[in-house]
Structures are given as structure tokens and as C-alpha cells.
Amino acid sequence: MDLFDGLEPPQGGREQMAPGAVLLRGRASGCGAALLDVIAGIAAEAPFRRMVTPGGFTMSVAMTNCGAAGWVTDRRGYRYAAQDPQTGRPWPAMPDVFARLAQEAAAEAGYPGFRPDVCLINRYEPGAKMALHQDKDERDFASPIVSVSLGLPAVFRFGGARRADPVVKYPLRHGDVVVWGGESRLWFHGIDALKPGAHPLAGPVRFNLTFRKAL
DNA sequence: TAGTCCCC
DNA sequence: GGCA
């Protein structure tokens with residue numbers, strides 16, 4: 001029996017999603033407005049853009065990056081690049097408020113040494129989604145992944161080591177932080193198509209910050 | 001080629 | 001599960 005069925009879960013709640021995977025409810029809600037301001041500053045230097053997959057499809061999610069390198073895709077494949085291919089300049093530096101949040105959330109989830117060197121910033125508009133996939137373009141699979149949700153809510157799917165493994169769906173709201181690593185570091189995950197809405201701070205969109213040690 | 005953050 |  002779920003005591004919080006149909007109600008908002010308590011702030012600071014913690015859910016074990018899988019071996020090595022933890023959902024920290026509302027962990028970033030206190031600094032959410034500051035994070036949104038910082039995202040706007042990064043986007044002014046490295047604009048959000050919808051990239052093309054190796055199969056030739058344009059992704060529905062718009063992306064930019066900050067940190068020592070950025071995740072990019074084009075017809076040639078997925079990779080981390082030190083320069084923004086759209087501007088030829090290095091990606092904006094990782095802001096302190098980003099690095100601290102990721103480090104602290106990882107430590108709370110059981111990964112005390114985590115020091116991210118890259119942050120992928122995803123912007124979801126209504127209808128945007130992320131197909132079930134693995135994060136395996138990083139050099140370091142020993143480090144976890146820290147994923148921060150801001151703005152509109154979304155449904156996160158977390159599966160298993162194989163594409164055909166069953167998935168569990170988690171509603172993610174503004175300020176929620178998901179950390180996965182260890183045994184589940186390479187497990188399949190994705191995001192359902194975003195439903196339209198209006199968030200008081202972010203407006204009609206969802207942002208996702210994904211911190212990794214990639215280099 | 002091998003792999004696939006896409007599509008159905 | 002198979003594209004292009």
C-alpha cells in the first residue's frame with residue numbers, strides 16, 4: 001500500500017529504481033530558478049539545436065552542452081567533441097552551481113567521488129521524446145550518470161541491460177534528480193513524448209541536465 | 001564497416 | 001526488431 005498514492009511525494013524522498021540507480025525527489029528544486037538562469041546564459045553562447053542521427057533522422061529534442069566536451073551526433077555517428085560544431089568555439093565552461101549539484105547528488109546516491117566533466121542540456125517541447133537507448137559514448141563506465149529534471153513533467157522509462165528487458169515508468173517533475181551507475185550504468189532508458197503544459201518558472205518546456213564523466 | 005539517443 |  002502506497003501511502004502517497006495520488007498525492008505529491010514528500011520532498012527529499014528517495015526511490016531505488018534498480019541496482020545502482022536512485023531517484024532523489026525534489027533534490028534540485030531549491031536551485032531550480034538559478035539553474036534555469038544559467039541554462040539561458042549557456043544557450044546564448046551555444047544555441048540549442050536539433051541534431052541528426054546516423055540514420056538521418058532529426059531528433060525531436062533540442063540540445064546544447066557545457067563542460068570540457070559536448071555530446072554531438074550527425075550522419076557520421078555519436079561522439080564527444082571539444083568544440084561546438086555549429087560555432088567552432090569551445091563549449092561554455094561547466095558552471096560551479098552545475099558541478100556542485102551533480103557532485104552532491106551523486107554522493108547522496110552512493111557515488112562519492114563523482115566529478116563530471118561534461119553536461120548535456122536537453123530541451124523538450126511538447127511532443128519531443130527520447131527513444132529507448134544506452135549511454136555508451138563515454139570513456140568512463142565506472143562513473144555514474146546524474147540527470148536533473150527542470151520545468152514540465154515527463155515520464156522516464158528505465159529498462160534493463162537488453163533492449164527487450166521490461167521497463168518501469170517514473171514520472172519526473174521539476175527538481176527531481178536521477179542517478180544511475182554501477183550495475184545499471186549501461187541500462188536502457190528513454191523519455192515519453194512530452195505533454196503540453198506551462199511551468200511557472202520554465203514556461204512550456206522541459207529541460208534536462210545530464211552530467212557524465214566522458215573523457 | 002558496424003552500430004543504431006531514429007523509426008515502426 | 002529493422003532501418004538508411
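Order of the sequence lines sets the chain letters (A, B, ...), proteins ahead of strands, with each chain counted from 1. Predicted model, so just to flag it, every value in this text is computed and none were measured.
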Rounded to the Å, how far apart are [X] [atom1] and [N] [atom2]?
{"X": "A:Trp71", "N": "B:dC6", "atom1": "CH2", "atom2": "C1'", "answer": "11 Å"}
{"X": "A:Gln134", "N": "B:dT4", "atom1": "CD", "atom2": "P", "answer": "7 Å"}
{"X": "A:Arg163", "N": "B:dC8", "atom1": "CZ", "atom2": "C1'", "answer": "12 Å"}
{"X": "A:Lys129", "N": "B:dC8", "atom1": "NZ", "atom2": "C1'", "answer": "11 Å"}
{"X": "A:Phe188", "N": "B:dT4", "atom1": "CZ", "atom2": "C1'", "answer": "10 Å"}
{"X": "A:Met59", "N": "B:dC7", "atom1": "CE", "atom2": "C1'", "answer": "13 Å"}
{"X": "A:Lys136", "N": "B:dG3", "atom1": "NZ", "atom2": "P", "answer": "8 Å"}
{"X": "A:Met130", "N": "B:dC6", "atom1": "CE", "atom2": "C1'", "answer": "11 Å"}

(request) Taking atom C1' in both B:dC8 and B:dT4, compute the distance separating them and give it to the nearest angstrom. (result)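 Rounded to whole Å, the distance is 15 Å.
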(message) Can you check the distance between B:dC6 and B:dA2, where both ends of the measurement are the P atom (answer in whole Å)?
(response)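 24 Å, rounded to whole Å.
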(request) Taking atom CZ of A:Arg139 as the centre, report whether more than 12 heavy atoms of other residues, nucleotides or ligands fall under 6.0 Å from it. (result)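 Count not over threshold, so no.
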(request) Indicate if A:Phe48 and A:Phe98 have the same hydrophobic cluster label, given that clusters are the connected sets of ILVMFWY residues with side-chain heavy-atom separations under 4.5 angstrom. (result)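 Yes, one cluster joins them.
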(message) Applying a strict under-4.5 Å side-chain criterion to I, L, V, M, F, W and Y, I'd like to know whether A:Trp180 and A:Phe114 cluster together.
(response)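 Unlinked, A:Trp180 and A:Phe114 end up in two clusters.
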(request) Using Watson-Crick or G-U wobble geometry with both distances below 3.5 Å, tell me the partner of B:dG3, or none. (result)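 Base partner found: none.
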(request) May I ask which nucleotide in the shown strands pairs with C:dC3, Watson-Crick or G-U wobble, both distances under 3.5 Å? (result)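 For C:dC3, the partner nucleotide comes out as none, under the 3.5 Å rule.
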(request) Determine, for A:Lys129 against A:Asp192, whether the closest basic-nitrogen to carboxylate-oxygen distance falls under 4.0 angstrom. (result)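 A salt bridge is absent here (no side-chain N lies under 4.0 Å from a carboxylate O).
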